[in-house]
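Just below is one structure, and these are the notes that go with it.
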Amino acid sequence: MFYREAGDFKTSYAEDNQTFPIKFDRYRYYAVMFAAFAVVPFLINDYWVNAIFLPFLIYSIAAIGLNILVGYCGQVSLGTGGFMAVGAYACYKLMTSFPEVSIFFHVILAGGVTALVCILFGLPSLRIKGFYLAVATLAAQFFLVWLFNRVPWFYNYSASGQINSPERTVFGIAVTGPHTSAWATYLFCLVFLTACALIGRNLTRGMVGRKWMAIRDMDIAAEIIGVNPLKAKISAFGVSGFFVGISGALLFAVYLGAAEAGDSFGINKSFLVLFMIIIGGLGSIFGSFAGAAFLVLLPVLLKNVLVGVLGWPTDMAAHLEFIIVGGLIITFLILEPHGLAQLWRVAKEKLRLWPFPH
Amino acid sequence: MSDQLIFGMEVFLNGLMAGVLYALVALGFVLIYKASGIFNYAQGVMALFSALTLVGIMEGQIPFAHVINAIFGTEIHHFGWHVPGILAIALTMVVMVVLAVCVQKFLFRHLVGQEPIILFMATIGLAYFLEGVGDLMWGSEIKKLDVGLPQGINLVIDEVTAGWFGYGFFIDNLDIVATVIAALLVAALVIFAQYTKQGRAMRAVADDHQAALSVGISLNFIWVMVWSVAGFVALVAGIMWGTKSGVQFSLSLIALKALPVLMLGGFTSIPGAIVGGLIIGVGEKLFEFAIGPLVGGATENWFAYVLALIFLVFRPQGLFGEKIIERV
């Protein structure tokens with residue numbers, strides 16, 4: 001009753017095939033977009049942006065990227081941290097080499113560079129699969145982080161071995177460096193997230209996405225019906241790398257401002273993003289958002305409750321976070337393998353029938 | 001003989017010793033994988049957890065003392081007794097068996113029949129969970145572990161090699177002990193798997209779950225047993241690594257070191273774990289010695305993975321793994 005679909009008629013294929021075919025969904029989507037672009041920027045301050053909004057936006061992009069690879073194409077990757085590092089360092093090199101070009105293009109190019117690297121490390125996926133591949137992608141993780149730590153060219157021979165994002169502007173407004181305003185960084189990341197989500201959503205519901213899903217569900221059968229596994233897998237690695245690279249570039253340039261490969265892009269980052277898509281829901285763009293929001297909010301919430309209210313030491317709160325995240329992963333895998341996205345679908349189903357459950 | 005060559009030989013020997021320790025961790029993986037098809041990422045954390053528990057029991061620490069203190073404002077830390085090494089190891093083993101039962105009861109019984117990759121992710125979740133519990137239970141500071149294993153340079157080898165080459169090799173006593181123990185452990189595991197009733201049941205389960213069930217083998221029992229044995233292997237590895245470099249978080253990262261060992265050796269083969277461990281141990285030490293200085297050092301972080309990755313492209317099932325007959 002609350003969630004109406006009845007009476008929502010389509011008279012053309014274009015209407016039926018749009019991203020949100022149900023009117024209620026579509027208006028909700030417009031409302032969310034309006035709130036995100038026109039309301040939130042006026043309300044937020046530095047704390048909200050740095051603690052919640054920027055990490056959420058940036059990790060959502062990474063989660064969408066990884067979800068395309070793992071959730072849609074079934075190629076498990078544990079190298080996300082390394083690929084984010086590629087995005088960050090590519091962005092840094094571009095920012096310092098071509099200061100006159102807008103950072104907007106640097107971020108996109110960084111995504112492109114990451115896509116190439118990701119494809120390179122994805123090539124073995126043609127021979128190996130399942131967790132053999134998962135472990136093989138760890139090679140990318142460790143090798144890339146080592147490379148960025150050891151080759152001085154990547155960090156411009158700076159003494160500390162860190163990379164620092166210089167001040168760059170979009171339309172004359174600083175989005176990186178020390179003099180940024182909360183709303184500018186927020187909007188900058190939001191634009192990228194919106195674009196990535198739209199691209200991801202449309203790719204996955206089109207022919208490319210169906211090929212990925214065919215490979216995921218059963219690669220041999222997919223090949224028999226004419227899906228080229230080489231093209232499907234490589235394109236998944238490429239698109240995923242593109243998104244992950246963008247998120248790495250944004251994470252470094254806009255959010256952190258300074259980064260060091262081992263600290264900022266370690267193996268924990270890989271697991272964090274993987275957990276986001278498991279909790280959020282494999283094979284769902286909405287799930288990527290939900291998972292990212294969940295795992296960004298959880299530590300903030302835990303810290304506020306345990307340290308702020310109960311007065312526990314911070315390290316204990318951190319350990320408890322480990323337990324909760326680990327427990328959640330297990331719980332979700334057992335009870336709801338499709339994650340928060342599936343819970344949302346179930347909730348919609350219930351609302352549709354409410355108050356008559358049968 | 002040239003200095004370089006002699007030094008290279010020493011590096012080789014040290015690599016062999018390191019490889020034994022890798023193999024020890026990898027063994028735990030192989031056991032669980034063979035019997036249940038679960039690729040257990042948590043093996044390294046199990047080693048950390050067992051070592052933490054061992055130290056905690058030996059020192060008479062009160063479990064969750066920090067939490068209790070934080071909640072109730074008390075100041076309790078120790079029971080005030082010291083448990084001798086052997087007894088502490090036995091008690092830790094009891095804890096690991098309880099852990100095995102819990103893992104089976106609360107986790108994998110509910111995941112029977114899921115895809116391997118889902119099981120793998122579940123063990124990553126288990127690893128996080130265990131790590132948090134271990135730190136919360138025993139505290140996360142670096143602890144010294146001493147169960148009475150000999151440590152320090154082996155003087156006999158030092159003197160003998162000094163007589164041969166005019167240069168004394170530095171081989172740690174602990175590494176030698178670790179090698180001996182690992183050899184004994186492997187022998188014991190092979191005997192257990194080949195000649196005992198439970199070992200036969202375990203192999204039957206590994207071959208075919210359904211068939212094993214139908215001849216009256218209890219899957220639950222076998223899986224609990226396998227996880228207990230894996231817990232025991234983790235405990236041995238935890239003792240070795242803990243004695244060597246202290247009980248701390250980095251212990252759980254040896255699991256990551258064991259993964260390329262497995263990929264190289266094949267997931268299902270105990271000899272594969274040993275040979276893979278030795279190849280990786282020697283390979284990364286020699287590579288660091290020969291090529292490392294040219295490319296900036298610290299190649300040990302990735303060499304094993306890249307080696308395994310390249311190897312897998314040519315032989316996807318590993319050195320001793322069962323051939324996967326499947327064409328794509």
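A note on names: the letters A, B, ... follow the listed sequences, proteins ahead of strands, and every chain is numbered from 1.
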Is it the side chain or the backbone of [X] that comes within 4.5 Å of chain B heavy atoms, both, or neither?
X	value
Phe332(A)	neither
Ile323(A)	both
Ala134(A)	side chain
Leu78(A)	side chain
Leu274(A)	side chain
Ile278(A)	side chain

*Might you work through the side-chain contact (heavy atoms from CB on, under 4.5 Å) test for Leu272(A) and Tyr59(A), ending with a clear yes or no?*
CA-CA 9 Å; Leu272(A) 179 69; Tyr59(A) 283 122; 3.9 Å; yes
Could you tell me which portion of [X] (side chain, backbone, both or neither) has an atom closer than 4.5 angstrom to a non-hydrogen atom of chain A?
X	value
Ala122(B)	both
Phe303(B)	neither
Leu111(B)	side chain

*Only one of Val305(A), Asn304(A), Leu298(A) forms a side chain to side chain contact (heavy atoms under 4.5 Å, CB included) with Leu302(A), so which one is it?*
Leu298(A)
*Check each of Asn40(B), Val103(B), Leu130(B) against Thr123(B) using the side chain to side chain contact (heavy atoms under 4.5 Å, CB included) test, and report the only one that passes.*
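Exactly one pass, corresponding to Asn40(B).
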*Go through the steps to decide whether Trp212(A) and Ser235(A) satisfy the test side-chain contact (heavy atoms from CB on, under 4.5 Å), and finish with yes or no.*
CA-CA 9 Å; Trp212(A) 290 338; Ser235(A) 62; 3.0 Å; yes
*Does the ring centre of Trp302(B) sit less than 6.0 Å away from the ring centre of Phe142(A)?*
no
*Looking at the rings of Phe265(A) and Phe148(A), which for Trp means the six-membered one, are their centres under 6.0 Å apart?*
no
*asked:* To check you understand the geometry: which heavy-atom pair defines the closest contact between Lys93(A) and Trp153(A), and what is its length?
replied: NZ-O, 2.8 Å
